[in-house]
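Counting starts at 1 for both ligands and their atoms, in listed order. Residue numbers count from 1 along this sequence.
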Amino acid sequence: MRRRSPVPDDFPETLFRAVECQSFGKATCFLCGRRLGSRNRTDEHVFPKWLLHRFNLWNAQLGLLNGTDIPYRMLTIPCCNTCNNDHLGALEARIEQAVAEGPDAVRALPTPDVLVWLGKIMYGMLYKEGFLKRHRSRSRSGRIVPRADLESLSMHHYFLQSVRVPMEFQPKFPGSIQVFRVQSPEPAEFQFDYRDDTTALAVSIRLGEVGILAALQDGGAQDGFSEHFDRYRALPLHPLQFLELTAQFLYKSRLQTRVPKFILHDARDRIVVHQMPLGGLSLAPIFQPWDHEVYARILAMHTGLDFERLYHPSGKVMSWLNDGNGNVPAFDLVAQPWPASVQADNIDARTVELPPDEPPAG
Ligand SMILES: [Zn+2]
């Protein structure tokens with residue numbers, strides 16, 4: 001799939017500056033690596049301004065890995081005005097428009113748009129946390145995200161460059177996306193949710209009626225489960241049902257045994273990224289076996305419900321995605337208000353204890 005970015009005058013030097021000389025700091029653009037001064041410096045909002053306004057998050061607090069909170073509006077990273085206003089600004093306009101139109105419009109977006117947009121959020125959060133101290137009260141404490149962790153994301157950072165330099169992905173962008181229609185609770189701040197697993201590079205985001213699960217760099221492994229996910233697209237999911245899918249997707253991402261490998265080729269007017277076959281020469285499964293107990297712990301973490309309530313030693317896990325006959329039950333926000341019904345641990349009695357509707361083994 002081909003990016004639409006025009007060829008910059010200084011291509012490919014601009015790519016090498018961004019990626020090979022990757023430097024971190026408040027005087028460097030997080031994306032292209034340009035030095036920042038008073039004339040070209042801007043602050044890029046990790047969660048874009050349109051999103052913060054739409055979901056009433058401007059003054060809301062976001063919990064960080066060090067246990068402290070930061071207002072969403074302060075979650076900014078250094079960015080040059082060209083990357084911010086031209087490249088990322090154009091991407092934001094496309095995403096904002098599609099989210100306003102709903103799940104079908106988001107599904108119709110080019111895959112790289114969605115994956116790069118989510119990738120910028122995940123990378124941006126880690127980048128910001130790279131500036132912050134792990135323990136704010138100790139002046140010499142380590143950073144929340146050690147610099148080595150950011151450097152290990154270098155391939156991901158490389159793919160983010162496709163928003164500003166021409167990059168062609170063969171056979172396709174090496175990630176997976178599943179989009180669902182979700183019921184939209186009131187008020188607006190309950191219409192937004194973001195979760196990620198930075199080790200597996202997997203993200204879940206709920207934006208009004210749009211629910212997206214994305215594995216940013218899995219080589220398309222979870223796209224192989226699209227048919228399995230189709231049954232959950234038949235009706236608007238309750239936010240709790242989307243959270244259950246989130247737990248399944250993020251856990252499955254962790255089980256992947258293969259890291260995709262790439263060959264990069266400079267074709268003069270673009271960089272061509274060839275992904276090697278995911279299976280390679282190995283006959284071993286692409287995913288480790290699914291463990292119900294581990295999954296139930298992840299489900300408990302995401303829902304805030306007790307593990308003991310969700311998991312039964314017989315190996316069964318509570319599910320809101322299966323009515324006991326293999327059908328997806330309809331949950332109604334009026335009968336089961338979100339998030340009140342879950343916080344009060346007063347969830348619908350129709351929930352059944354079953355092995356979860358896990359994505360099939362790879
Ligand atoms: Zn830049």
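- Taking the six-membered ring for Trp and thresholds of 30 and 60 degrees, His156 and Tyr123 have ring planes inclined between 30 and 60 degrees apart.
- No hydrogens or angles considered: nothing links the side chains of Gln191 and Arg54 as a donor-acceptor pair under 3.5 Å.
- Among the backbone and side-chain atoms of His87, no N/O/S atom is found under 2.8 Å from the Zn ion (ligand 1).
- Relative ring orientation between His265 and His274 is described as tilted, the plane-to-plane angle lying within the 30° to 60° band.
- Around the Zn ion (ligand 1), the angle linking Cys29 (SG) with Cys83 (SG) is 110°, rounded to 10 degrees.
- Expressed to the nearest 0.5 Å, how far OG1 of Thr303 lies from CZ of Arg309 amounts to 9.5 Å.
- At a cut-off of 2.8 Å, Cys79 does not coordinate the Zn ion (ligand 1) through any N, O or S atom.
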